[in-house]
Amino acid sequence: MSEQKRIPRHVAIIMDGNGRWAAQHGLERFEGHIRGVESVRRAIQAATRHGVRYLTLYAFSTENWGRPAAEVDALMELFCKSIINETPELAAQGVRVRIIGDKSRFPEKVKHHLDQIENRTATGKRLTLQLALNYSSRSEIVHAMQGLARRAAAGIFSPEEISEQTVSEALYTAGCPDPDLLIRTSGEQRLSNFLLWQAAYAELFFTPVLWPDFTEEDFAQALDEYARRERRFGLVKNNERIR
């Protein structure tokens with residue numbers, strides 16, 4: 001990719017298709033999740049090489065608790081194992097890891113490892129990697145509204161002072177710019193309760209590639225498509241609003 005091409009500051013990815021990949025290869029669903037970790041590693045490498053500063057990965061939604069208990073338990077173990085294995089390399093690469101979502105429901109062992117990866121990568125400046133775990137955008141917005149309501153009731157500010165900025169600052173992603181590009185793998189074309197507020201003006205890129213097969217070349221293809229698009233944010237070229 002040419003260095004002259006416009007690179008998104010923040011890329012978000014809905015990593016979809018692990019189960020279908022496993023089924024296509026005659027494997028158990030969990031094998032798809034294991035292979036998906038390799039794709040996470042490739043996505044991080046591609047993001048850093050292309051100069052992306054923020055990468056947000058939808059790793060586990062609140063709805064995923066409804067999957068079979070054996071699969072959920074295996075995912076919890078995979079989270080812990082992956083954190084142990086990947087943290088040293090992420091820290092060495094200058095990757096800062098943030099967890100967005102409600103960590104309270106996770107087992108203590110998982111919460112411990114999540115805290116560890118955040119603490120051990122806190123000084124990373126090359127890339128901020130946000131892992132959305134037990135994440136629901138609607139729940140995130142409700143949580144933000146409850147916090148703002150409590151502050152308004154305490155007289156910290158009036159309800160009329162609530163703005164888009166104050167809402168953004170109350171979300172899990174506070175301090176992170178909104179995503180410029182949102183990628184979803186596996187051919188599905190929906191947001192699935194992911195970054196609904198933050199992705200209001202994100203460019204959407206849908207690919208039929210299943211997540212375990214997602215390569216650095218697929219990442220670059222999404223960046224190429226992003227560079228070809230004209231982002232107007234509701235404006236036309238002469239900056240007049242579309243009527």
### Message
With no hydrogens and no angle check, just 3.5 Å: does a side-chain donor-acceptor pair link Ser163 and Gln165?
### Response
no
### Query
Any donor and acceptor pair, going by atom type alone, linking the side chain of Thr185 with main-chain N or O of Thr207 inside 3.5 Å?
no
### Query
Do Arg41 and Glu89 sit within salt-bridge range, that is, some charged N less than 4.0 Å from a carboxylate O?
no
#### Entry: Main-chain N/O of Leu204 paired to Arg229 side chain as donor or acceptor, under 3.5 Å
yes
### Query
Can you find a pair of side-chain heavy atoms, one from Arg67 and one from Arg29, that are under 4.5 Å apart?
yes
### Hydrophobic cluster identity match, Phe60 and Ile83, side-chain contacts under 4.5 Å
yes
#### Entry: Residue pair Ser137 / Gln198: nearest heavy atoms and the distance that separates them
OG-OE1, 4.5 Å
### Message
Nearest 0.5 Å, please: how far is CG in Asp224 from CZ in Phe205?
### Response
9.0 Å
### Which atom of Val52 lies closest to which atom of Leu127, heavy atoms considered
O-CD1, 3.3 Å
### Query
Which distance, rounded to the nearest 0.5 Å, do you find between the CG of Asn64 and the OG of Ser136?
11.0 Å
### Task
Report yes if some heavy atom in the side chain of His113 is under 4.5 Å from a heavy atom in the side chain of Lys81; otherwise report no.
no
### Message
When you group the ILVMFWY residues by side-chain heavy-atom contacts below 4.5 Å and let the links chain together, are Leu182 and Val40 in the same group?
### Response
no
### Message
Please report the interatomic distance CZ(Arg20) to NE2(His25), rounded to the nearest 0.5 Å.
### Response
14.0 Å
### Query
Is there a donor-acceptor pair closer than 3.5 Å between any side-chain N or O of Trp211 and the backbone N or O of Gly36?
yes
### Query
Between Pro177 and Arg53, is any pair of side-chain heavy atoms under 4.5 Å apart?
no
### Task
Measure the shortest side-chain to side-chain distance between Arg98 and Thr121 over non-hydrogen atoms and say whether it is less than 4.5 angstrom.
no
### Message
Could you check whether any side-chain heavy atom of Arg35 comes within less than 4.5 Å of a side-chain heavy atom of Asn18, counting everything from C-beta outward?
### Response
no
### Hydrophobic cluster membership, Tyr54 vs Ile14, 4.5 Å side-chain cutoff
no
### Summary
Distance col, row Phe214:CZ vs Ile183:CD1, nearest 0.5 angstrom, shows 4.5 Å
### Query
Between Arg42 and Asp218, is there a side-chain N and carboxylate O pair less than 4.0 Å apart?
no
### Message
Please determine whether residues Leu191 and Leu171 belong to a single hydrophobic cluster, defined as Ile, Leu, Val, Met, Phe, Trp and Tyr linked transitively by side-chain heavy-atom distances below 4.5 Å.
### Response
no
### Summary
For Lys111 and Phe106, the nearest pair of non-hydrogen atoms, with its separation, is CE-O, 3.2 Å
### Query
Side-chain contact, heavy-atom cut-off 4.5 Å: Thr173 with Trp197?
no
### Query
Can you tell me if CZ on Arg138 sees more than 12 non-hydrogen neighbours from other groups inside 6.0 Å?
no
### Query
Between Arg6 and Tyr226, is NZ or CZ placed under 6.0 angstrom from the six-membered ring centre and within 45° of the ring axis?
yes
### Query
Could you state the interatomic distance from SG (Cys80) to CG (Leu114), rounded to the nearest 0.5 Å?
7.5 Å
### Rounded distance (nearest 0.5 Å) linking atom CE of Met76 with atom NZ of Lys109
11.5 Å
### Query
Any chance CD of Glu28 has more than 12 other-residue heavy atoms, nucleotides or ligands included, within less than 6.0 Å?
no
### Query
Within a strict 4.5 Å, meaning less than it, do heavy atoms of the Val209 and Thr215 side chains meet?
no
### Asn134 versus Arg105, closest heavy-atom pair with distance
ND2-CB, 3.7 Å
### Query
Does one hydrophobic cluster hold both Leu57 and Ile117, with members joined at side-chain heavy-atom distances below 4.5 Å?
yes
### Query
Taking Asp115 for the side chain and His112 for the main chain, is one N or O donor matched with an acceptor at less than 3.5 Å?
no
### Task
Please report the closest heavy-atom contact between Phe30 and Leu75, naming both atoms and the distance.
CE1-N, 4.1 Å
### Task
Work out which heavy atom in Val97 is nearest to a heavy atom in Glu118; give both atom names and the distance.
O-CG, 3.5 Å
### Task
Ignoring hydrogens and angles, tell me if any N or O in the side chain of Arg231 forms a donor-acceptor pair with the backbone of Tyr201 under 3.5 Å.
yes
### Query
Less than 4.5 Å apart, any side-chain heavy atom of Val11 and any of His50?
no
### Task
Dump the intermediate steps for side chain to side chain contact (heavy atoms under 4.5 Å, CB included) on Tyr172 and Asp102, then the final yes or no.
CA-CA 9 Å; Tyr172 296 136; Asp102 180 6; 4.1 Å; yes
